[in-house]
Amino acid sequence: MMLDKTERMNILLDWYETLLTDNQKAVAAMHYRDDYSLAEIAEQTGISRSAVYDTLQRTERILETMEDKLQCAKKYQTRKQIYQKLSDLKIEAVDDIVKQLFENE
């Protein structure tokens, strides 16, 4: 399954945003979560459009590098698929265990 860039960046932000600077977090959130254009972000933050672009590029590299190294998002997606297969078995005891696993993610 291929994700579009915005979906992928939002997933990676969920996992790794604590590793970003406050400025990188803010710019990435405005762009990927709130769908602001570069010009709108520049206006909101008081930095140039090119600085916004550079910040987004640097942030994307950081997020992708962390995912390449740690693979938290990929492993989580794999776990979700396994949980779904277990749930599809329709066994009450297994469903209870899967529910507990989801609650602890």
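If you chain together hydrophobic residues whose side chains sit under 4.5 Å apart, Tyr32 and Leu19 fall into the same group. In this structure, Ile41 is a member of the same hydrophobic cluster as Ile62, with clusters built from ILVMFWY side-chain heavy atoms closer than 4.5 Å.
Interatomic distance, Trp15 CH2 to Lys75 NZ, rounded to the nearest 0.5 Å: 10.0 Å. The CZ atom of Arg49 sits 11.0 Å away from the CG atom of Asp54 when rounded to the nearest 0.5 Å. One distance of note links CG of Leu86 with CD of Gln81; it measures 12.5 Å at 0.5 Å rounding.
Residue Glu103 qualifies as enclosed at atom CD: its count of foreign heavy atoms under 6.0 Å is above 12. The local environment of CG in Asp88 is crowded, with over 12 non-hydrogen atoms from other residues, nucleotides or ligands closer than 6.0 Å. Few gaps surround CD on Gln71; more than 12 heavy atoms of other groups in view lie less than 6.0 Å from it. When the shell of 6.0 Å around OH of Tyr53 is examined, it contains 12 or fewer heavy atoms from other residues, nucleotides or ligands.
Considering only heavy atoms from C-beta on, Val98 stays 4.5 Å or farther from Gln84 through its side chain. Put simply, the side chain of Leu63 reaches to within 4.5 Å of the side chain of Leu20, judged on heavy atoms. Taking the side chain as every heavy atom from C-beta outward, Ser87 and Val94 never approach each other to under 4.5 Å. Side-chain atoms of Glu40 and Met30, non-hydrogen and from C-beta on, never get closer than 4.5 Å to each other. Here the side chains of Glu64 and Met9 are in contact, with some heavy-atom distance below 4.5 Å.
A pairwise comparison of heavy atoms in Ser48 and Ala42 identifies C-CB, 3.9 Å as the closest pair.
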- Evaluation steps, side-chain contact (heavy atoms from CB on, under 4.5 Å), between Tyr16 and Leu70: CA-CA 10 Å; Tyr16 306 113; Leu70 300 175; 3.8 Å; yes
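The side-chain contact (heavy atoms from CB on, under 4.5 Å) test with Val27 singles out one residue from Leu56, Thr21, Thr59, and that residue is Leu56. Screening Glu7, Glu17, Glu67 against Leu12 for a side-chain contact (heavy atoms from CB on, under 4.5 Å) leaves a single residue, Glu67.
Defined by atom type and a distance below 3.5 Å, a donor-acceptor pair is missing between the side-chain atoms of Tyr76 and Glu105. Checking Gln100 against Asp96 by side-chain atom types alone, no donor-acceptor pair falls below 3.5 Å.
Ion pairing of Glu60 with Lys5 is present here, as a side-chain N (NZ or NE/NH1/NH2) and a carboxylate O approach within less than 4.0 Å. Under 4.0 Å is where a charged nitrogen must lie from a carboxylate oxygen, and between Arg61 and Asp68 no such pair does.
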